[in-house]
Amino acid sequence: MHETGQKIATGTAPGKVILFGEHAVVYGRPAIAVPVAEVQARAEVRLGEPGQGVILDARDLGMRVRLSEAAPDDALAVIVSKTLAHLEIPPQPDLTITVESTVPIARGLGSGAAVSTAVVRSLARYFARHLTARGVSDLVYEAEKLYHGNPSGIDNTVIAFGKPVYFIRGRALEIFWVRAPFTLAIADTGIVSQTKDVVADVRRAYEENLGKYEYLFDQIGEIAALGRAAIETGNLTELGGLMNRNHALLQAVGVSCPELDRMAQAAMEGGALGAKLSGAGRGGNLVSLVTPESRGRVEMFLRMAGAKRVIITEVS
Ligand code: PMV
């Protein structure tokens, strides 16, 4: 007898926020990213009707489609196909894969990588196969290319490993020690920003003015290295100052916007130790370093400056 719908496996993954080094990381400089457990993607795999093949059901996106009929550049379909091939599953198993996510889309919180990671984990679990974090990250990178064009790989790395990472493109990942846990307020501008477009604009500007951009990326890279040292020694005042400097450099790169700048100023007026845009920029999120004393006030100031939502997360 066919046990339609009975066998179920789930996989989850957190969102992420980039603390230092966005954009410069595409050009080989170091960056730091941390997972954000307060937002999550979840995938569920269950046995389907005999002969149905693979059905993808992404409720948040209003998408329900057969894998065999999905567009070739559909990132969800690509990650499912690549994972099934990697697990050496014979073609067209009868499965329904349901995806849900509370990670906001196109806001720099890694929604694409989170959904892909949850899907890879759920499929591996369904077929009782073990994948290392590195194996998951490499598969997710394949789908990331569809979202981002030429991604540095930082999103899939931090989300698959689920730990703060010091990341340099093409090099072995470094997981480092957080000496004193610290708290971030992640404030959403409400402005949707497509990473692919912003990265392409930066590429054009870079090609027109190599000297200026190499200098800016060097400065950002140095800040990421200093940021790591500040986290390892638990120097939060230093950490905040470095975030402010990184934000100023991202303004010079040309990826901030008035809404982000206004929120950064408000966070500092509210008592944050530092604030910077996070991710591609031109919208998306602002990340601020807060203390238990300043947290409530910073959150209020951010909302008054236009934040649509504020997520508080602890890094440890
Ligand atoms: O918008 P996000 O969080 O996906 O961040 C993109 C980060 C960039 O450095 C701008 C691009 C990349 O591939 O690293």
Side-chain angles (χ1 to χ4, degrees), residues 13-36 38-39 41 75 79 101 103-117 137-138 140-161 164-171 173 184 186-206 213-214 216-221 223-224 227 243 246-247 249-257 259-260 276-287 309 311 313:
K16 71 98 208 344
V17 78
I18 297 181
L19 206 46
F20 293 108
E22 47 275 274
H23 289 290
V25 69
V26 175
Y27 299 81
R29 273 56 165 204
I32 293 178
V34 300
V36 177
E38 285 71 13
V39 285
I79 194 66
S101 175
V103 188
I105 294 169
R107 306 290 220 290
L109 291 184
S111 60
V115 166
S116 297
T117 303
S137 177
D138 288 348
V140 173
Y141 184 73
E142 294 302 314
E144 283 293 282
K145 286 193 213 160
L146 293 166
Y147 290 114
H148 287 185
N150 176 26
S152 63
I154 192 167
D155 279 22
N156 46 288
T157 304
V158 63
I159 289 173
F161 282 82
V165 298
Y166 185 78
F167 178 88
I168 302 177
R169 192 172 192 162
R171 292 231 206 127
L173 160 79
L184 300 173
I186 304 166
D188 191 348
T189 58
I191 302 169
V192 170
S193 167
Q194 298 298 342
T195 301
K196 206 171 183 166
D197 299 339
V198 186
V199 169
D201 282 355
V202 172
R203 172 69 62 183
R204 267 189 295 276
Y206 168 82
Y213 279 82
E214 284 289 337
L216 290 172
F217 294 152
D218 278 345
Q219 299 282 306
I220 293 174
I223 286 177
M243 288 169 70
N246 196 161
H247 184 72
L249 288 161
L250 287 164
Q251 287 173 321
V253 169
V255 294
S256 194
C257 63
E259 293 81 357
L260 282 165
K276 64 177 276 291
L277 73 85
S278 178
R282 302 229 180 113
N285 276 279
L286 181 96
V287 59
R309 177 186 183 188
I311 297 168
T313 190

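Numbering of ligands and ligand atoms starts at 1, following listing order.
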Are a donor atom and an acceptor atom from the side chains of Ser137 and Asn156 found within less than 3.5 Å of each other?
yes

Can you sort out the partners of Asp201 under side chain to side chain contact (heavy atoms under 4.5 Å, CB included), two or more places apart, ordered by chain and number?
Arg204, Arg282

Name the residues in contact with ligand 1, where contact means a heavy atom under 4.0 Å away: which are they?
Lys16, Ile18, Glu22, His23, Val25, Val26, Gly108, His148, Pro151, Ser152, Ile154, Asp155, Thr195, Val199, Gly279, Ala280

Fit a plane to each ring of Tyr27 and Phe217, take the angle between them on a 0 to 90° scale, and name the class: parallel (under 30°), tilted (30 to 60°) or perpendicular (over 60°).
parallel

Does anything in residues 18-32 pair up under salt bridge (Lys or Arg N to Asp or Glu O under 4.0 Å), and if so which pairs, sequence neighbours excluded?
Glu22-Lys276, Arg29-Glu214, Arg29-Asp218

Side chains of residues 104-114: which donor-acceptor pairs under 3.5 Å do they make with residues two or more places apart or in other chains?
unit_1, atom_1, unit_2, atom_2, d
Arg107, NE, Asp188, OD1, 3.0
Arg107, NE, Asp188, OD2, 3.2
Arg107, NH1, Ile105, O, 3.2

What closest approach, in Å, do Ile220 and Ala24 show between heavy atoms, and which atom pair accounts for it?
CG2-CB, 3.7 Å

